[in-house]
Amino acid sequence: MEDERIWEIEEKLWHGGGDVYETLVDENVVMSLPAEPFIFTRDQAKEAVKKTPRWDEVNFSDTKVNRPHEGLIVIGYQVEAKRGKETYRCYASSTMMRRGHEDWTVVHHSQVVPPKAVVDA
């Protein structure tokens, strides 16, 4: 799969709802996210997405793509997502596995929110 398509799929996941997860996320996915229960199954992630407003804008930076094995793609990136006045920043990674010709599914996704710097007065 070409890098451009990888990032199109990842952006769809950031903008999409449960229907997108049904199509692009594997039924055996493991997701680690910075909200309870922290480790999510696909069904838990779909339910959480249904309750969360969609992002208006999503920007990726510091993108990395690795292909460690035939049919396996691992990506890492920094993301800034916005909706209204809210901005969310994190470091994320996803692993995609090929199910068939041009048929890819996300089998792992993780988000790490950097700690806020503490400034001593």
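Values in this document were obtained by computation on a predicted structure and should not be read as measured data. Any value given below was found using the heavy atoms of this structure, including those in side chains, with hydrogens, waters and symmetry copies removed.
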By ring pair (Phe, Tyr, Trp, His ring centres under 6.0 Å) - contacts of F40 (at least two apart):
none
Who else is in the cluster with V107 when I, L, V, M, F, W and Y are joined by side-chain contacts under 4.5 Å?
L72, M97
Output, in order, the C-alpha distance, side-chain angles, deciding distance and verdict of side-chain hydrogen bond (donor to acceptor under 3.5 Å, both in side chains) for Y88 and Q111.
CA-CA 11 Å; Y88 173 71; Q111 296 176 17; 2.6 Å; yes
Can S32 and S110 be counted as having a side-chain donor-acceptor contact under 3.5 angstrom?
yes
Who passes salt bridge (charged side-chain N to carboxylate O under 4.0 Å, His left out) against E70, sequence neighbours left out?
R98
What pair of heavy atoms forms the shortest contact from Y77 to V79, and how long is it?
CE1-CB, 3.8 Å
Please check if the side chain of E86 supplies one atom and the backbone of R83 the other of a donor-acceptor pair under 3.5 Å.
no
Rounded to the nearest 0.5 Å, how far apart are CG of D43 and CD of E27?
9.0 Å
Counting only N and O atoms by type, is there a donor-acceptor contact under 3.5 Å from the side chain of D3 to the main-chain atoms of V65?
no
Mind checking salt bridge (charged side-chain N to carboxylate O under 4.0 Å, His left out) for E11 and listing every partner two or more places apart, or none if nothing turns up?
none
Under 3.5 Å: donor-acceptor pair, side chain of R42, backbone of N28:
no
Which atom pair, heavy atoms only, marks the closest approach of V58 to W55?
CG2-CB, 3.8 Å
By the rule that ILVMFWY residues connect when side-chain heavy atoms come within less than 4.5 angstrom, directly or transitively, which residues belong alongside V30?
I39
Return the minimal non-hydrogen interatomic distance between G84 and D56, and the atom names on each side.
N-OD2, 3.0 Å
In short, E57 meets N59 closest at the heavy-atom pair OE2-ND2, 2.9 Å
To check you understand the geometry: which heavy-atom pair defines the closest contact between W104 and G71, and what is its length?
CZ3-O, 3.6 Å
side-chain contact (heavy atoms from CB on, under 4.5 Å) with I75: which of M96, K64, H109?
M96
CD1 of I9 to OG1 of T23: how many Å apart, nearest 0.5 Å?
11.0 Å
Residues E47 and K50 bridged, charged N to O under 4.0 Å:
yes
Examine distances only and state if a side-chain atom of R54 and a backbone atom of H15 form a donor-acceptor pair shorter than 3.5 Å.
yes
Answer yes or no: are there more than 12 heavy-atom neighbours, outside E102 itself, under 6.0 Å from its atom CD?
yes
Same cluster for M31 and V74 if Ile/Leu/Val/Met/Phe/Trp/Tyr side chains link at under 4.5 Å?
no
Run the side-chain contact (heavy atoms from CB on, under 4.5 Å) check on Y21 and V49 step by step: do they pass?
CA-CA 9 Å; Y21 276 56; V49 163; 3.5 Å; yes
Looking only at atom types and distance, does a side-chain atom of T105 sit under 3.5 Å from a main-chain N or O of D26, one as donor and one as acceptor?
yes
If I compare all heavy atoms of W14 with all of C90, which pair ends up nearest, and what's the gap?
CH2-SG, 4.0 Å
By salt bridge (charged side-chain N to carboxylate O under 4.0 Å, His left out) - contacts of E80 (at least two apart)
K82, R89
Under 4.5 Å between any side-chain heavy atoms of W7 and T63, yes or no?
yes
Out of curiosity, does F60 fall in the hydrophobic cluster containing Y91 (side-chain heavy atoms, cut-off under 4.5 Å, transitive links)?
no
Can you tell if the side chain of L13 reaches within under 4.5 Å of the side chain of L24, non-hydrogen atoms only?
yes
